[in-house]
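No hydrogens, no waters, no symmetry mates; every other heavy atom, side chains included, goes into these values.
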Amino acid sequence: LIQSAAHYASQRAEDSDYSDLTPLIMMGDSITESFLGTGMGEPRQRTEGIPTLLSEVAKSEKFHPLILAISGDQTQHLLYRLQHGELVSSIQDDNDAIFVIHIGTN
């Protein structure tokens, strides 16, 4: 996840196409991972169409999404990663970023 966050941050810093888009950081468990089209890091049939939906909404609402999710994750694990530097500072300190945390509901 740290690599994904670092790649996202460098993408935003190096590519002006992203400067007009609002960062949308989504963190969570399997429900959130579905936005990547995966479950446990593998493509899953149950996620069919979900990445396309996210892409369409992100485009229409001018979001630049970053999905940081792990199937089977638990609330205390996500909280630990947040408290111990999972997000690179350029993301965590971005006042325009919207953060969505969705975990522990199933």
Side-chain angles (χ1 to χ4, degrees):
L1 296 178
I2 293 171
Q3 290 175 334
S4 295
H7 177 265
Y8 178 90
S10 67
Q11 190 179 45
R12 289 193 63 76
E14 296 169 8
D15 192 337
S16 62
D17 289 345
Y18 296 105
S19 62
D20 292 337
L21 302 177
T22 301
L24 175 62
I25 316 304
M26 299 176 67
M27 306 175 83
D29 55 17
S30 60
I31 295 170
T32 307
E33 186 182 345
S34 295
F35 286 103
L36 295 171
T38 61
M40 302 295 261
E42 299 290 328
R44 299 282 187 228
Q45 186 175 0
R46 69 173 178 80
T47 65
E48 187 175 320
I50 297 174
T52 302
L53 175 64
L54 175 62
S55 179
E56 291 170 0
V57 170
K59 185 176 181 179
S60 71
E61 299 298 323
K62 298 190 177 190
F63 289 136
H64 181 210
L66 170 63
I67 310 302
L68 298 172
I70 302 171
S71 290
D73 206 359
Q74 296 179 3
T75 304
Q76 65 270 27
H77 301 151
L78 176 57
L79 291 174
Y80 178 88
R81 288 195 309 277
L82 286 172
Q83 294 169 339
H84 293 90
E86 178 175 299
L87 292 176
V88 293
S89 61
S90 62
I91 295 173
Q92 133 184 336
D93 298 336
D94 187 337
N95 291 330
D96 295 325
I98 297 171
F99 291 86
V100 177
I101 297 176
H102 188 257
I103 192 164
T105 58
N106 57 344

Is the [atom1] atom of [X] crowded by more than 12 outside heavy atoms at less than 6.0 Å?
| X | atom1 | value |
| --- | --- | --- |
| E48 | CD | no |
| Q3 | CD | no |
| H7 | NE2 | no |

Going from [atom1] on [X] to [atom2] on [Y], what distance comes out if it is rounded to the nearest 0.5 angstrom?
| X | Y | atom1 | atom2 | value |
| --- | --- | --- | --- | --- |
| I31 | D73 | CD1 | CG | 12.0 Å |
| L24 | H64 | CG | NE2 | 10.0 Å |
| I50 | S55 | CD1 | OG | 13.5 Å |
| H102 | D29 | NE2 | CG | 7.5 Å |

Nearest heavy-atom pair of [X] and [Y]: which atoms, and what distance?
| X | Y | result |
| --- | --- | --- |
| F35 | M26 | CE1-CE, 3.5 Å |
| G104 | T75 | CA-OG1, 4.1 Å |
| S90 | D94 | O-CB, 3.5 Å |
| G41 | E33 | N-OE2, 2.8 Å |
| F99 | Q92 | CZ-CA, 4.2 Å |
| A6 | V88 | CA-CG1, 4.1 Å |

Next on the checklist: I'd like to know if the side chain of S71 reaches the main chain of M40, judged simply by a donor and an acceptor atom lying under 3.5 Å from each other, with no hydrogens or angles considered.
Outcome noted: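 Flag set: sc S71 to bb M40 pair under 3.5 Å.
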Next on the checklist: R44 vs S30, test: side chain to side chain contact (heavy atoms under 4.5 Å, CB included). Steps then yes/no.
Outcome noted: CA-CA 11 Å; R44 299 282 187 228; S30 60; over 6 Å; no
Same cluster or not: are [X] and [Y] linked, directly or through other Ile, Leu, Val, Met, Phe, Trp or Tyr residues, by side-chain heavy atoms under 4.5 angstrom apart?
| X | Y | answer |
| --- | --- | --- |
| L78 | I2 | no |
| L87 | I101 | yes |
| L1 | I67 | no |
| F63 | L68 | no |
| M27 | L36 | no |

Next on the checklist: Between R81 and I70, is the side chain to side chain contact (heavy atoms under 4.5 Å, CB included) condition met? List the steps.
Outcome noted: CA-CA 12 Å; R81 288 195 309 277; I70 302 171; 3.9 Å; yes
Next on the checklist: Any heavy-atom pair between the side chains of T32 and I103 that's under 4.5 Å?
Outcome noted: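 Side-chain contact under 4.5 Å: no.
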Item to check | Test side chain to side chain contact (heavy atoms under 4.5 Å, CB included) applied to P65 and I25, L54, L21, the passing residue | outcome: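 Of the listed options, the one satisfying the test is L54.
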